[in-house]
Amino acid sequence: MTSVMFHIGDFGPMAAGAIPHVEPWLGSPNNYLQVLAATTIVKLDPSRTELLPKIWDATTGDHPVARDTAREFFDEP
């Protein structure tokens with residue numbers, strides 16, 4: 001599922017129908033999966049701004065892959 005979430009965001013609003021399948025991952029105990037789900041949902045539906053703080057917080061988090069994913073979302077080095 002992670003590779004699907006990683007790539008489906010590239011389709012933007014055309015793939016918005018996938019959002020209900022991605023949303024359960026927001027509650028994952030794995031921080032990376034939460035951030036990946038949040039970034040995917042926002043890419044599919046930019047109006048989902050309530051997820052931006054979760055992504056932003058991950059830019060300084062302890063999980064290195066979640067941190068990199070969040071920074072990439074905001075185009076930070």
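Given the structure is predicted, the values throughout are model-derived calculations rather than measurements.
- Annotation: the span from Gln34 atom CD to Thr39 atom OG1 amounts to 11.5 Å, rounded to 0.5 Å.
- A salt bridge links Arg48 with Glu23: at least one charged nitrogen is closer than 4.0 Å to a carboxylate oxygen.
- Two different hydrophobic clusters hold Phe73 and Val35 under the rule that ILVMFWY side chains link at heavy-atom gaps under 4.5 Å.
- Side-chain contact between Thr69 and Tyr32 is present, with at least one heavy-atom pair separated by less than 4.5 Å.
- Rounding to the nearest 0.5 Å places CG of Leu36 at 11.0 Å from CG of Asn31.
- Put simply, the side chain of Arg67 never gets that close to the backbone of Thr60: no donor and acceptor are under 3.5 Å apart.
- Of all heavy-atom pairs between Ala70 and Ala58, the closest is CB-CB, 3.7 Å.
- In this structure, CD in Glu72 is found 8.0 Å from CG in Asp75, a value given to the nearest 0.5 Å.
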query: Could you walk me through whether Ile41 and Leu26 pass the side-chain contact (heavy atoms from CB on, under 4.5 Å) check?
result: CA-CA 10 Å; Ile41 291 168; Leu26 292 170; 3.8 Å; yes
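- If you check the side chains of Asn30 and Ser28, you find no donor sitting under 3.5 Å from an acceptor.
- Ring planes of Trp56 and Phe74: perpendicular class, angle over 60° (limits at 30 and 60°).
- From Leu44, atom CG reaches atom CD1 of Ile19 across 5.0 Å, with rounding to the nearest 0.5 Å.
- Summarising the geometry, atom OG1 belonging to Thr40 is positioned 10.5 Å from atom CG belonging to Leu51; distances are rounded to the nearest 0.5 Å.
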